[in-house]
Amino acid sequence: MPIALARFISIIFQPLLLSCYGVLMLMFSETWLAYTVFPQLRNALFLVVLISTFILPAITVLMFLQRGSIKSIEMRERTERHWPYITTLLFYIAGWVLLNKLPLPRIFGNMVIGAALAILIAFIVNLKWKISIHMMGLGGLAGLFFATATLFEFDLALPLIVISIAAGLTGAARLKLDAHTPAQVYVGFLTGFFVEWIFVYIYNLGPYFFA
């Protein structure tokens, strides 16, 4: 894989974009879940997710970069990731709170708080060992769709195939860029998958449609 392609893939599947991708794929899936959210509410849903999981964390990272707290947006050094993890976690929690105030199926809020839990785990692991947050994000996306398909008996084979291909390409890209070891890539994906799958599946049992 050429270095330029590896960098492009890493940007396209930047972790902060993955929650937005998840919402879009759920909204355009051929399931009744996509038809329970009216257009105006759909716009509010996407705006909350976009601002809380991408725009605000991205602005904060740029501020850290400007202040010299981090050397690059990629944050190759493990110690550079501490404060970006903490601030991103707080934004995700704020997004979850806002989503819970909207009349939405709670799967959307659970997706965000599940991602927040994964970020917390990444922060703890990062104190001693660097883990691939790219792969954790894609693993979380796979876990979300696997849990959703299991709970609601949806046919989400196509999104899961797309996510699997994206994860394979991203894992190869991270290794090509020497950003992570194979262990960091595999552990990142599996951690993200099981955290999101277990959290979303268990929390949505019972009266699982609306909060």
Side-chain angles (χ1 to χ4, degrees), residues 1-22 24-25 50 52-92 111-112 114-146 159-197:
M1 177 184 293
I3 293 292
L5 178 58
R7 287 179 179 151
F8 177 75
I9 291 170
S10 293
I11 292 171
I12 291 298
F13 297 112
Q14 148 68 233
L16 297 180
L17 289 171
L18 296 180
S19 292
C20 295
Y21 293 165
L24 287 174
M25 285 193 286
L50 178 67
S52 62
T53 69
F54 176 64
I55 293 178
L56 290 178
I59 290 173
T60 305
V61 168
L62 291 175
M63 289 174 60
F64 283 133
L65 181 63
Q66 186 178 34
R67 292 177 56 186
S69 301
I70 60 176
K71 297 176 183 177
S72 69
I73 293 177
E74 292 184 349
M75 294 177 282
R76 284 181 168 268
E77 297 295 326
R78 176 179 55 83
T79 53
E80 292 182 289
R81 300 185 172 205
H82 296 336
W83 283 109
Y85 277 155
I86 292 172
T87 54
T88 300
L89 174 62
L90 294 176
F91 289 135
Y92 272 60
M111 173 188 70
V112 173
L117 179 58
I119 293 170
L120 177 60
I121 291 172
F123 170 76
I124 294 170
V125 172
N126 192 69
L127 295 175
K128 294 293 183 181
W129 191 61
K130 188 178 173 184
I131 192 170
S132 174
I133 196 70
H134 276 80
M135 297 306 295
M136 183 175 278
L138 284 162
L141 208 55
L144 166 72
F145 276 84
F146 188 78
L160 283 167
I161 290 171
V162 171
I163 294 167
S164 298
I165 293 171
L169 290 172
T170 304
R174 304 308 288 164
L175 293 175
K176 180 66 177 181
L177 294 171
D178 200 26
H180 294 285
T181 65
Q184 292 166 352
V185 167
Y186 296 137
V187 172
F189 181 85
L190 291 174
T191 301
F193 179 90
F194 284 110
V195 166
E196 191 81 25
W197 172 46

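The residues of the chain are indexed from 1 along the displayed sequence. Values below: every heavy atom of this structure, side chains too, minus hydrogens, waters and symmetry copies.
Put simply, OG on Ser132 and CZ on Arg174 are 6.0 Å apart, with the number rounded to the nearest 0.5 Å. Distance check, rounded to the nearest 0.5 Å: CD of Glu196 to CZ of Phe145 gives 10.5 Å. Taking CG of Leu18 as the start and CE of Met25 as the end, the distance is 8.0 Å to the nearest 0.5 Å. Interatomic distance, CZ of Phe13 versus CG of Leu169, reported as 6.5 Å (0.5 Å rounding). A distance of 10.0 Å separates CD1 in Ile86 from CG in Leu120, rounded to the nearest 0.5 Å. Atom CZ of Phe54 is separated from atom CG of Leu56 by 11.0 Å, given to the nearest 0.5 angstrom.
Although no hydrogens or angles enter the test, the distance criterion places a donor-acceptor pair under 3.5 Å between the side chain of Gln184 and the main chain of Lys130. In this structure, the side chain of Glu80 does not engage the main chain of Ser69 through any donor-acceptor pair within 3.5 Å.
In this pair, Trp197 and Phe194 present their aromatic rings tilted. The plane angle is within the 30 to 60° band. Classification of the Phe123-His82 ring pair by plane angle, with boundaries at 30° and 60°, yields perpendicular.
In this structure, the side chains of Ile12 and Tyr21 come closer than 4.5 Å at one or more pairs of heavy atoms. With contacts defined as side-chain heavy-atom distances shorter than 4.5 Å, the pair Thr60/Pro84 does not qualify. Side-chain atoms of Met136 and Pro15, non-hydrogen and from C-beta on, never get closer than 4.5 Å to each other.
Across Ser19 and Thr53, no two heavy atoms sit closer than the pair CB-OG1, 3.7 Å. Here the closest heavy-atom approach between residue Thr170 and residue His134 is recorded as CG2-CB, 3.9 Å. The shortest heavy-atom contact between Ala167 and Phe189 is CB-CE1, 3.7 Å. Smallest separation of non-hydrogen atoms from Ala115 and Tyr92: CB-CE2, 3.6 Å. Pro182 approaches Leu175 most closely through the heavy-atom pair N-CD2, 3.5 Å. Contact record, Ala122 with Ile133: CB-CD1, 3.9 Å, taken as the closest heavy-atom pair.
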Ile131 vs Asn126, side-chain contact (heavy atoms from CB on, under 4.5 Å): CA-CA, chis, key distance, verdict: CA-CA 7 Å; Ile131 192 170; Asn126 192 69; 5.5 Å; no
Test log, rule side-chain contact (heavy atoms from CB on, under 4.5 Å), inputs Phe91 and Ile119: CA-CA 11 Å; Phe91 289 135; Ile119 293 170; over 6 Å; no
Start with the C-alpha gap between Thr88 and Leu16, add the side-chain angles, then the distance that decides, and say whether side-chain contact (heavy atoms from CB on, under 4.5 Å) holds. CA-CA 9 Å; Thr88 300; Leu16 297 180; 4.1 Å; yes
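For Tyr186, the OH atom counts as loosely surrounded, since its 6.0 Å shell holds 12 or fewer non-hydrogen atoms of other residues, nucleotides or ligands.
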